[in-house]
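Worksheet for the structure shown next.
Keep in mind that the numbers below use all heavy atoms, side chains included, and drop hydrogens, waters and symmetry copies. By convention in this document, chain letters (A, B, ...) are assigned in the order of the sequence lines, proteins followed by strands, and residues within each chain are numbered from 1.
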Protein chains: 2
Amino acid sequence: MLDSEQCPDCKRIGAVLSRVGDRWSVLVVVSLAEHGTLRFNELKRTLGISQRMLSLTLKEMERDGLVSRTYHPTIPPKVEYTLTALGQSFRQPVTALSRWAIENLGRIDAARTAYDAGTAQ
Amino acid sequence: MLDSEQCPDCKRIGAVLSRVGDRWSVLVVVSLAEHGTLRFNELKRTLGISQRMLSLTLKEMERDGLVSRTYHPTIPPKVEYTLTALGQSFRQPVTALSRWAIENLGRIDAARTAYDAGTAQ
DNA sequence: CGGTATCCATTCTGATACTG
DNA sequence: CAGTATCAGAATGGATACCG
């Protein structure tokens with residue numbers, strides 16, 4: 001695939017979105033933005049995510065500098081996650097996106113129903 | 001997986017994001033927002049997307065009411081895509097997201113490098 | 001509690017070839 | 001030009017079991 005004619009930003013935007021724009025990362029940001037700090041299993045319960053995916057998602061987000069991880073070596077152990085400054089700055093676009101999602105879910109469903117009704121006949 | 005303890009909006013947000021929040025849909029919105037109207041192969045060249053994925057993405061977006069498709073039965077055929085009103089309303093959160101992506105790509109890369117340097121030793 | 005390791009099914013994606 | 005069909009590899013995501 002040649003790059004010559006592509007819009008220069010599309011690759012970069014796509015690159016970042018494929019990192020932080022996935023389903024789970026967005027939901028983690030929403031939850032941490034709302035609650036401030038959450039433990040591993042609190043996030044797991046809140047998001048309805050599998051242990052595996054939460055672990056992978058949080059590790060990636062920590063690597064990307066979006067969340068910070070604090071380990072308390074108590075018994076039982078306790079690990080708290082919170083947004084970094086970069087993660088905080090991500091809040092605004094994410095809340096804009098999720099608010100749009102909530103407000104327009106009905107319209108999308110309606111469009112789908114209409115489209116399916118029109119093509120199925 | 002039980003739903004009882006989950007935040008009620010997470011499922012709905014996740015549902016919409018998995019529809020319209022994917023990499024290609026976002027880039028299509030960005031491109032159409034910028035250019036107004038584009039033909040199939042113009043989008044293909046601009047985004048650097050495979051023919052197959054563009055076809056699937058546009059069909060889904062048309063079904064979701066985000067883009068409208070206009071077929072001109074000329075020879076050679078000509079198909080133009082543009083944003084619907086719903087698609088236009090999606091512009092704002094999407095541009096907020098892509099602007100954040102562009103502005104913070106460097107910070108994410110820096111965080112990654114630092115993280116990898118710290119764990120690899 | 002907070003993970004990691006393994007396995008497996010599903011989905012996504014691109015390359016290629018073909019059609020109207 | 002604007003797709004569709006088919007295939008194969010990669011990525012995603014859940015279930016389960018186990019560890020410190």
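- Atom CG in B/L58 sits about 10 Å away from atom P in D/dT4, given to the nearest Å.
- Regarding contacts with the backbone of D/dG3, every side-chain N or O of B/S55 stays at 4.0 angstrom or more from both OP1 and OP2.
- Between the side chain of A/T119 and the main chain of A/Y115, a donor-acceptor pair closer than 3.5 Å is present.
- Annotation for A/V29 and A/L83: closest pair O-CD1, 4.1 Å, computed over non-hydrogen atoms.
- Counting only distance, with no hydrogens or angles, the side chain of A/T84 and the backbone of A/G65 share a donor-acceptor pair below 3.5 Å.
- Under the 4.5 Å side-chain criterion, counting only non-hydrogen atoms from C-beta, A/V67 is not in contact with A/T82.
- Atom CD of A/Q51 and atom P of C/dT6 are 16 Å apart (whole Å).
- Within 6.0 Å of atom CD in A/Q92, 12 or fewer heavy atoms from other residues, nucleotides or ligands are found, so the atom counts as exposed in its surroundings.
- Following rounding to the nearest Å, A/L54 (CG) and C/dC1 (P) show an atom-to-atom distance of 14 Å.
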Using a 4.0 Å cut-off on protein heavy atoms (strictly under), produce a 5'-to-3' string for nucleotides 8-13 of chain D with B for base contact, S for backbone-only sugar-phosphate contact, and - for none. -----B
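- Taking the screw axis at each terminus of the helix from C/dC1-D/dG20 to C/dG20-D/dC1 from five consecutive base pairs, the angle between the two is 40° to within rounding of 10 degrees.
- Contact between the side-chain N/O atoms of B/K44 and the OP1/OP2 oxygens of D/dC1 is not found at any separation under 4.0 Å.
- In this structure, the OH atom of B/Y71 is 10 Å from the P atom of D/dA2, given to the nearest Å.
- Among D/dC1, C/dG2, C/dA17, the nucleotide with an atom closest to any side-chain atom of B/P77 is D/dC1.
- When atom types are taken as modelled, the side chain of A/E42 and the backbone of A/R39 share a donor-acceptor pair closer than 3.5 angstrom.
- Taking every heavy atom of both residues into account, A/S89 and B/W100 meet most closely at OG-NE1, 3.0 Å.
- Regarding contacts with the backbone of D/dT4, a side-chain N or O of B/K59 is found under 4.0 angstrom from either OP1 or OP2.
- Residues from residues 25-34 of chain B placing a heavy atom under 4.0 Å of any atom in DNA chain D do not occur.
- Phosphate contact (OP1/OP2 of D/dC1, side-chain N/O of B/R39, threshold under 4.0 Å): absent.
- Rounded to whole angstrom, the span from the CG atom of B/L38 across to the P atom of D/dA2 amounts to 11 Å.
- Dashed line: the shortest gap from a side-chain N or O of A/Y81 to OP1 or OP2 of C/dG3 is under 4.0 Å.
- At whole-Å resolution of the value, CD in A/E80 and P in C/dG2 are 9 Å apart.
- A donor-acceptor contact closer than 3.5 angstrom is absent between the side chains of B/D116 and B/T113.
- The backbone N or O of A/W24 lies less than 3.5 Å from a partner atom in the side chain of A/D22, making a donor-acceptor pair.
- For the pair B/I49 CD1 and C/dT13 C1', the computed distance is 10 Å after rounding to whole Å.
- Two residues are said to be in side-chain contact when any heavy atoms from C-beta on lie closer than 4.5 Å; A/L97 and B/L17 meet this criterion.
- Of the possible donor and acceptor atoms, one in the side chain of B/T57 sits under 3.5 Å from a partner among the backbone N and O of B/M53.
- Contact check on A/E60 versus B/R112 returns a salt bridge, with a Lys/Arg side-chain nitrogen under 4.0 Å from an Asp/Glu carboxylate oxygen.
- The CG atom of B/L56 sits 15 Å away from the C1' atom of D/dC7 (whole-angstrom rounding).
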